[in-house]
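Hydrogens, waters and symmetry mates are skipped; everything else that's a heavy atom, side chains included, is used. Every number for a ligand or one of its atoms is a count from 1 in the order of the listing.
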Amino acid sequence: MPEERRTHVRTASYEAEPGEVGRVLLLYSGGLDTSVMLKWIQDEYEAEVVALTVNLGQPGEDFEVVRGKALELGALDAFVVDAREQFARDYVLLAIKANARYGGGYPLFTALGRPLIAKLAVEKAREARCDTIAHGCTGKGNDQVRIEATVTTLAPELKIIAPVREWRMGRKEEIEYARTHGIPVKGGTEVPPYSIDDNLWGRSSEGGPIEDLSEGARDDVFDLVTVPEDAPDEPELVEIEFERGCPVAIGGERLGLVELLERAGEVGARHGVGIVDHIEDRIVGLKVRDVYEVPAAELVLTAHSELEKLVGTIHQNLFKPGLDRHWAYLVYAGLWHEPLLGDLNAFMDRVNEQVTGSVTLKLYKGGVRPVARASPNALYDPELAGFGEELWTLQSRMAYAIRNRGKDGA
Ligand code: ARG
């Protein structure tokens with residue numbers, strides 16, 4: 001055991017001491033950090049490593065290549081789990097029902113992905129008889145909190161290690177380590193200026209030139225969304241249809257949720273929609289600037305909240321955004337298993353029982369604007385304008401009638 005390892009100070013009770021680590025389940029992305037980790041854990045902890053890579057719809061990723069790389073670097077075994085359906089159905093859909101945009105702009109794609117990744121890590125760790133889970137998060141961000149919150153909640157018996165927090169290598173030293181240990185580095189020695197995370201609900205860039213608040217994001221940040229100035233000169237209309245809060249069709253075509261979100265992302269990206277330049281309050285206190293590319297979320301959330309407004313009473317519409325904000329905060333803060341979130345989900349489901357219908361959006365050079373709506377549950381009756389006396393209870397009465405449609409004695 002080298003000298004500096006023995007001086008490592010544990011930061012949490014569940015962090016493993018070197019002697020306790022026999023077999024590690026490593027959350028492996030195939031990038032530089034986790035590739036260096038794969039080797040480093042074998043050397044420094046003299047432990048076996050099982051790699052797990054989770055497919056949440058990261059655009060353009062070749063998961064077979066990632067798996068091969070893990071085996072090449074000495075992993076005992078390497079698994080790829082396609083969790084796209086589960087992610088869409090059990091995570092993103094809940095966020096849609098809660099119109100989730102943390103801080104008014106961030107649709108939480110990373111925050112939603114972490115608890116699922118951590119849950120799959122726990123399952124795989126148990127299956128493969130690992131005693132420890134390793135992740136590649138730094139000590140500065142939210143992701144360490146989210147992953148460790150889920151692991152320690154679901155599996156108090158497992159230990160955790162986070163080598164990036166303890167190895168004191170910078171980007172340069174990591175590349176040097178990679179060279180001397182035969183780890184292939186994508187893009188040569190060129191140090192990529194941004195930290196990227198992505199899945200089917202969005203993409204984030206942080207760090208490097210983005211930290212300079214006095215400058216607009218450089219064009220080289222954008223990988224998904226067309227810069228609005230270069231978007232088509234003709235606007236495009238897109239209709240999104242919902243059943244009980246779940247998007248079920250786009251442009252008249254019924255699709256499974258994963259395909260629908262991919263389709264929404266494509267058309268939005270083409271029109272420059274979904275760029276969010278965001279100042280964000282992190283869980284651990286820092287403020288950071290993120291540049292998000294979230295075309296699918298921009299379309300679907302815009303349409304969903306518009307439809308929800310049409311079918312909700314004035315009272316529901318005043319009340320729910322406060323709960324939506326609280327929902328987003330809990331998820332952002334890594335509290336996926338907090339009971340309050342379950343309580344809120346029951347409320348979101350109940351409200352969304354009425355959110356059936358469609359919204360047509362007009363996309364044009366970075367803008368997205370609802371231009372048409374239709375719903376069998378709309379609390380809308382232009383005929384009734386002018387009957388002032390009746391109007392105070394109008395929405396509540398219409399909503400009552402709609403909810404009791406077809407029921408006996410209604
Ligand atoms: N700021 C966002 C969040 O906290 C995005 C984080 C992206 N993660 C990353 N490791 N680059 O959810």
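- Put simply, the residue from Glu298, Glu280, Arg203 that forms a side chain to side chain donor-acceptor pair (under 3.5 Å) with Tyr292 is Glu280.
- Under 4.0 angstrom from ligand 1, the non-hydrogen atoms of Asp143 all belong to its side chain.
- A donor and an acceptor atom, one from each side chain of Asn99 and Trp327, are nowhere located under 3.5 Å apart.
- Here the OG1 atom belonging to Thr302 is positioned 6.5 Å from the CG atom belonging to Leu299, to the nearest 0.5 angstrom.
- Heavy atoms of Tyr194 found under 4.0 angstrom from ligand 1: none, in either backbone or side chain.
- A distance of 6.0 Å or more separates the ring centres of Phe87 and Trp201.
- Residue contacts with ligand 1 do not include Tyr102, since none of its heavy atoms lies under 4.0 Å from the ligand.
- Protein heavy atom nearest atom 2 (C) of ligand 1, with residue, atom name and distance: Tyr292 OH, 3.2 Å.
- Taking the six-membered ring for Trp and the full ring otherwise, the centers of His181 and Tyr177 sit less than 6.0 Å from each other.
- Under a 4.0 Å heavy-atom criterion, Arg146 is in contact with ligand 1.
- The CD1 atom of Ile175 sits 9.5 Å away from atom CD of Glu173, with the distance rounded to the nearest 0.5 Å.
- If you number the atoms of ligand 1 from 1 as listed, the ones under 4.0 Å from a heavy atom of Glu280 come out as 1 (N), 2 (C), 3 (C), 4 (O).
- When only non-hydrogen protein atoms are considered, atom 11 (N) of ligand 1 lies nearest to Ser195 OG, 3.1 Å.
- Interface of Ser204 with ligand 1, defined as ligand atoms under 4.0 Å from a residue heavy atom, comprises 5 (C), 7 (C).
- For ligand 1, the atoms closer than 4.0 angstrom to any heavy atom of Asp197 are 7 (C), 8 (N), 9 (C), 11 (N).
- Of all atoms in ligand 1, listed by their number and element, those nearer than 4.0 Å to a heavy atom of Tyr106 are 2 (C), 3 (C), 5 (C), 12 (O).
- Residues Asp281 and Tyr332 have side chains that never bring a donor and an acceptor to within less than 3.5 angstrom of each other.
- Using a 3.5 Å distance cut-off with no hydrogens or angles, the side chains of Glu148 and His135 do pair a donor with an acceptor.
- Under a 4.0 Å criterion applied to the non-hydrogen atoms of Asn142, ligand 1 contributes the atoms 3 (C), 4 (O).
- Within 6.0 Å of NZ on Lys39 lie more than 12 heavy atoms contributed by other residues, nucleotides or ligands.
- Here is the list of ligand 1 atoms found below 4.0 Å of a heavy atom in Glu206: 1 (N), 2 (C), 5 (C), 6 (C).
- Close contacts between ligand 1 and Tyr332 involve ligand atoms 4 (O) [criterion: under 4.0 Å to a heavy atom].
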